[in-house]
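Single-structure report; data block below.
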Number of protein chains: 2
Amino acid sequence: MQISWDDLKTVMSVVRHGTLSGAAQELGVNYTTIARRIRRAEETLGLHLFDRLPEGYQPTEPALNIAAHAHQMEMSEHNLMRTLQQAGPPLSGGLTLTAPPLLLTHFLMPVVEAFTDLYPNIDLTVLARNDVLDLTRREADIALRISTSPGDTLKGLRLLEQNTASFANADIANRIAQDPDTMINWVLYTLHAKLPSPLSKAFPNNRIRMYCDDMSTMVSAAQAGLGVVRMPMFIGRSTTGLVQVPVLPPQPYPDIWVVGHADLWASPKLTAFRNVLVTHCKANRALFVA
Amino acid sequence: MQISWDDLKTVMSVVRHGTLSGAAQELGVNYTTIARRIRRAEETLGLHLFDRLPEGYQPTEPALNIAAHAHQMEMSEHNLMRTLQQAGPPLSGGLTLTAPPLLLTHFLMPVVEAFTDLYPNIDLTVLARNDVLDLTRREADIALRISTSPGDTLKGLRLLEQNTASFANADIANRIAQDPDTMINWVLYTLHAKLPSPLSKAFPNNRIRMYCDDMSTMVSAAQAGLGVVRMPMFIGRSTTGLVQVPVLPPQPYPDIWVVGHADLWASPKLTAFRNVLVTHCKANRALFVA
DNA sequence: CTGCATGCATGCGTTTTTGCATGTATTGCA
DNA sequence: TGCAATACATGCAAAAACGCATGCATGCAG
């Protein structure tokens, strides 16, 4: 029975941040997981590593020792990564990504930024499309899709679950909060061309103000105060001026997947992109669900 | 999405041994687990780490790179362990272990040897008893027990599952193999004072030669050729001169536990002993089951 | 050439790990 | 003093990791 290297890394992270939550954020897991790993490390080593204080985890001396040595291990890891990077030819050539426009504008920009920073020799092409491109014809190398299944012939990875909810601008939100009986104007997506079904009973007066086939336009309409729009929560939450209104409780919505060729899936370029992508998704999962 | 440190360690181990099975043995897990960790590492890094040959896993150059850096990390880990050892006062004082005699003689000797080597300042007392000592009265600090539950008031850890089977010396085994109708003489434990129930139909002639209340004596009887004895498989397999005979198919038998005071359970001394113990159990699990 | 041993791939059921929901304590601020 | 925010503990359900059984390929000894 030996101590796990990942548990040493966890101890180091808690020493660094002083809190479970901080370490959890750094490592991209839930803080309860951190707590359990610490407990496991303590049991394995037979040492008391942290004092549990209301304001955080206070490291004992052995914990500081572990952190110092884990830091050395971390440096070895970083050296390794540099070596591996330089060993192969630097990643270069083209890479074509396709994703729904609103996902790109409201969520993926940091991914694109980090990726182009990390791999400056890759020529990244971004195709902002709501229609599904044919990856088998190389219309794109990798795609982000909102659907319930990854597709049969392609390789895929489920990145995020998400919900929809109702959003409006601050004025309307205030009006609704103060008078639940006020008339609620809806801007509906033509694909779901009727009022959402489980409308909260607390808001009896609803009418359809307009239909629209483009979600970007609907977001603008909501900002301009034309009414309430049902949209994926990540859009409403990351659009300035919009706040959630309780008219429609959060609803399930198809997941977000990353898919690609089975052939190219394991290639260094696609793997590199996925790593950046998955990290960002893990760190922001709460943005997408109720 | 970052590479797991434990996966780096796994890659290093496979590079060292050249086979999944070798690495699995070193790390104390099943070889399929090793295969999955390697695959995961390859997917995470986007690199082909090993050529799968029929005679083993042949490392590629990036795998050798990983192994070299993981070796550095391993040295840091060893430094850490030395530091932690020396930081606290060296473990000393008394430690009393109790265990069934046959488990001690046939399986635990390497544990005792390794532990006393590692912690020369601890005075280890071994009480070889088949009766259950009262740990709450400090008759012993830690106990190995063969039972179906760890006990209520004590802390416990299930170490091993095990089976019983029928064993005899080579002469008798040969006779049975050549003539299934030969008379089979049983030496029975007084606690289960009748012929085992699911006797194989292929061996119709059985009789009871003697009863005995002590398993050590029964083992000697089997060695001397007095007949067939049902015993835990680890005993039969680790006794020179005994071989398994198919008269009685392997039967379930209570698990092996290590138990101790809840208060002392987390203490450095007991933890140190458990670590040595668990390592030895993991490496020899196959000795105990059919 | 056959039998046997070693090593690996794959599908299935179980165990372990992880995440989530709820509840408590403390701090800071109104 | 009361309310919101932060940090943690704990019980439960979902997800991931793991071990095992089976089957195939190769190498070696008889």
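Since this is a predicted model, take the numbers as computed values, not measurements. Sequence lines set the chain letters: A, B, ... in the order given, protein chains first and strands last, and positions in each chain run from 1.
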> For nucleotides 25-30 of chain C, read 5' to 3', which letter fits each nucleotide if B means a protein heavy atom sits under 4.0 Å from the base, S means only the sugar-phosphate is that close, and - means neither?
Replying inline: -S----
> How does protein contact run along nucleotides 13-23 of chain C, one letter per nucleotide 5' to 3', with B for base contact, S for sugar-phosphate only, - for none, heavy atoms under 4.0 Å?
Replying inline: ----SBBB---
Can you give each donor-acceptor pair under 3.5 Å made by side-chain atoms of residues 53-67 of chain B, sequence neighbours left out, with the distance rounded to 0.1 Å?
{"unit_1": "B:Tyr57", "atom_1": "OH", "unit_2": "B:Arg52", "atom_2": "NE", "d": "3.4"}
{"unit_1": "B:Thr60", "atom_1": "OG1", "unit_2": "B:His48", "atom_2": "O", "d": "2.8"}
{"unit_1": "B:Thr60", "atom_1": "OG1", "unit_2": "B:Leu49", "atom_2": "O", "d": "3.0"}

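Taking CE of B:Met233 as the reference point, atom CG of B:Leu287 lies at 9.0 Å (rounded to 0.5 Å).
Each end of the helix from C:dC1-D:dG30 to C:dA30-D:dT1 gets its own axis from five base pairs, and the two axes differ in direction by 20°, given to 10 degrees.
When the C1' atom of D:dA17 is taken as reference, atom CG of B:Asp6 falls 13 Å away, rounded to whole Å. In this entry the distance linking CD of B:Gln25 with P of D:dG19 reads 14 Å, nearest Å. D:dC8 atom C1' lies 13 Å from atom CD1 of A:Ile34, rounded to whole Å. Atom C1' of nucleotide C:dG7 and atom CD1 of B:Ile38 are separated by 15 Å, given to the nearest angstrom.
Residue order along DNA chain D, read from the 5' end via each residue's closest nucleotide, puts A:Leu53 first among A:Leu53 and B:Val289.
At least one donor-acceptor pair under 3.5 Å links the side chain of B:Asp6 to the backbone N or O of A:Trp5.
Residues A:Leu242 and A:Met231 form a side-chain contact, since some pair of their non-hydrogen atoms from C-beta on lies under 4.5 Å apart.
Residues meeting the side-chain contact (heavy atoms from CB on, under 4.5 Å) test with A:Gln25, sequence neighbours left out: none.
Here salt bridge (charged side-chain N to carboxylate O under 4.0 Å, His left out) pairs that include residues 7-22 of chain A, with residues two or more places apart or in two chains, are A:Asp7-A:Arg40, A:Arg16-A:Glu26, A:Arg16-A:Glu74.
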